[in-house]
Asker: 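Shown below is the structure under consideration.
Any value given below was found using the heavy atoms of this structure, including those in side chains, with hydrogens, waters and symmetry copies removed. To find a chain, count down the sequence lines: A is the first, B the second, and so on, and within it residues start at 1.
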Number of protein chains: 2
Amino acid sequence: MNGCSDNTGPMARTSGSHSEITGPRLREAAQRLFARHGYASVTMRQIAAEVGVQVGALYNYIPDKQGLLADLMRAHLEELLAAWAAEPRGEGPLGALEAFTRFHIRFHLERPDAVFIAYMELRNLAPENFAGIEALRKRYETELEDILRAGQAAGVFDLPDTKLATLAVIAMLTGVTTWYRDAGRLSRERVAGLYWDMVRKAVAA
Amino acid sequence: MNGCSDNTGPMARTSGSHSEITGPRLREAAQRLFARHGYASVTMRQIAAEVGVQVGALYNYIPDKQGLLADLMRAHLEELLAAWAAEPRGEGPLGALEAFTRFHIRFHLERPDAVFIAYMELRNLAPENFAGIEALRKRYETELEDILRAGQAAGVFDLPDTKLATLAVIAMLTGVTTWYRDAGRLSRERVAGLYWDMVRKAVAA
DNA sequence: GATTGAAATGAACGGCTGTTCAGATAACAC
DNA sequence: GTGTTATCTGAACAGCCGTTCATTTCAATC
């Protein structure tokens, strides 16, 4: 009689095994809430309510709140690196830079919550978690830096300081997540094209 | 016998009037702690300890924690607008854009804590505070947008979407605060120059 | 030297925090 | 139909949260 999402009465596992349901739902709820209100402001009870479960049940899936945050960030960054690794590049440094630009904007606009967390909650990571996650972030940065360096070496780009240019381009591109809305006047492809215009000109020789 | 900073014994006002000292010190401590650990993670007791005072004393200077955050952000943004209003502009849209670029980087690098708070703690503002502060932020954005629009009209810039270009440039410039360190290899002037090179090329006709 | 009032103390308030765990429940294996 | 095991409940824990306030302290004023 009680459906899976009918929590009007006391129960433990109402129908079928929930282990494969609750785990993902927990991560989705936490991601949404962390992005919306910030890690420190979100309580485990809020997350539990969103999942439709009591607080204690969450600890069947996570070691603690801090571990949950670290897992979310690590998963996001690893997905980012894997997706970029699988992304087709254009020809030469210019083609690679265009591929990176369009990929970065597309990937980030598809995961606003995960992006928000990855950029805003670094300071809430315990030191032992911070190191590994910062390393992943660095690896992604290096992907762009390599492209810029290759273009500089080939004389296609004019960048007096490759490292600074890397950070400037990434900051500019990531900024799109702070204002873009699906209901806005610009499509994602149009936005990516406009950003690519600016990036191309900014690094051009 | 008891110095001002000697808090080994019970006392209320050990020497001189503290009202003109404690207020600013409270704001400085809060700004530093909010920037470092995030608004939600910082407790009033931490702030009080930093000031060298008991918790209750803080409430002689602020209405509540939320009001403290709002005051810090409003003060920062008003200072930003006032400083830009007093900044000498170069000639024409290109000169104005260079002035804005160099001003933005200089101003932001001089106040890393305030900048961090202004960009990261917006979601921790109560709705009634958010509206006013968002309006100030918008006013600053408009300053850059006006420059770009003027340059576009004059044919000096080539910007298919002025609004998007505004947000892209601001994001790129503000990003400098996330990596710049005084002990690094680049001076602030050098950094501003390198960013100006990229901005100039990115918007160029 | 007595009075005043700003400023700080120290303790208290109710409520919320992350986390734990014994016990209840229901799906599954046999 | 019995036993096992994964899963969840419900309650509890100790501790911290923002905020308040009666009281104390002391520079300034008369």
Side-chain angles (χ1 to χ4, degrees), chain A residues 1-26 29-30 33-34 37-71 121 124-126 129, chain B residues 1-27 29-30 33-34 37-71 124-126 129:
Chain A
M1 179 158 280
N2 284 339
C4 170
S5 57
D6 180 4
N7 52 2
T8 55
M11 55 183 170
R13 235 181 9 168
T14 49
S15 74
S17 175
H18 285 180
S19 69
E20 289 154 12
I21 299 283
T22 306
R25 291 233 298 161
L26 158 56
L33 289 171
F34 286 169
H37 309 292
Y39 169 77
S41 298
V42 174
T43 72
M44 298 303 290
R45 283 168 181 82
Q46 277 180 271
I47 299 174
E50 196 93 345
V51 177
V53 111
Q54 295 297 316
V55 208
L58 300 183
Y59 289 85
N60 289 328
Y61 304 93
I62 57 166
D64 48 31
K65 193 189 180 188
Q66 168 70 207
L68 172 58
L69 175 63
D71 275 357
E121 304 294 359
N124 285 119
L125 283 174
N129 292 326
Chain B
M1 181 158 280
N2 283 339
C4 171
S5 57
D6 179 5
N7 52 2
T8 54
M11 54 181 169
R13 234 179 13 163
T14 49
S15 74
S17 175
H18 285 178
S19 69
E20 290 154 10
I21 299 283
T22 306
R25 290 231 300 161
L26 159 55
R27 276 166 177 76
L33 289 171
F34 285 169
H37 309 292
Y39 169 77
S41 298
V42 174
T43 72
M44 297 303 289
R45 284 169 180 80
Q46 277 179 272
I47 299 174
E50 195 92 348
V51 177
V53 112
Q54 294 298 316
V55 208
L58 301 183
Y59 290 84
N60 289 328
Y61 304 93
I62 57 166
D64 49 30
K65 193 188 180 189
Q66 167 70 208
L68 171 58
L69 175 63
D71 274 357
N124 285 118
L125 283 175
N129 293 326

Asker: Taking only residues two or more places apart in sequence, or in another chain, which ones meet Asp64(B) in a salt bridge (Lys or Arg N to Asp or Glu O under 4.0 Å)?
Answerer: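 If we apply the salt bridge (Lys or Arg N to Asp or Glu O under 4.0 Å) test to Asp64(B), skipping adjacent residues, there are no hits.
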Asker: What's the CD-C1' distance between Gln54(B) and dT23(D), to the nearest Å?
Answerer: 14 Å
Asker: Counting only side-chain N and O atoms of Thr22(A), is one of them less than 4.0 Å from OP1 or OP2 of dC8(D)?
Answerer: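 For dC8(D), OP1/OP2 do have a side-chain N/O of Thr22(A) under 4.0 Å.
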Asker: Looking at CG of Asn129(A) and CG of Asn124(A), how far apart are the two atoms once the value is rounded to the nearest 0.5 Å?
Answerer: 11.5 Å
Asker: Starting at atom CG of Asn60(A), determine the distance to atom P of dC21(C), rounded to an integer number of angstrom.
Answerer: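 So the CG-P distance, Asn60(A) to dC21(C), works out to 13 Å.
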Asker: So, does Tyr61(A) get its side chain near the phosphate of dC8(D), meaning an N or O under 4.0 Å from OP1 or OP2?
Answerer: yes
Asker: List the residues meeting salt bridge (Lys or Arg N to Asp or Glu O under 4.0 Å) with Arg25(B), not counting sequence neighbours, and say none if there are none.
Answerer: none
Asker: Out of curiosity, Ile47(B) CD1 to Phe34(B) CZ, how far, rounded to the nearest 0.5 Å?
Answerer: 4.0 Å
Asker: State which residues pass side-chain hydrogen bond (donor to acceptor under 3.5 Å, both in side chains) with Gln46(A); sequence neighbours excluded, sorted by chain then number.
Answerer: none
Asker: Let me test you: for the helix from dG1(C)-dC30(D) to dC30(C)-dG1(D), what is the angle between the axes at its two ends (five pairs each), rounded to 10 degrees?
Answerer: 10°
Asker: What is the separation between atom CG on Leu58(A) and atom P on dT20(C), rounded to the nearest whole Å?
Answerer: 12 Å
Asker: If a protein heavy atom is under 4.0 Å from the base, mark B; if only from the sugar-phosphate, S; if neither, -; do that for nucleotides 13-21 of chain D going 5' to 3'.
Answerer: ----SBBBB
Asker: Take Glu50(A) and Val42(A) through the test side-chain contact (heavy atoms from CB on, under 4.5 Å) and record every step on the way to the result.
Answerer: CA-CA 11 Å; Glu50(A) 196 93 345; Val42(A) 174; over 6 Å; no
Asker: Taking the side chain from Tyr39(A) and the backbone from Gln66(A), do they hold a donor-acceptor pair closer than 3.5 Å?
Answerer: yes
Asker: What residues, two or more places apart in sequence or in another chain, satisfy side-chain hydrogen bond (donor to acceptor under 3.5 Å, both in side chains) together with Thr43(B)?
Answerer: none
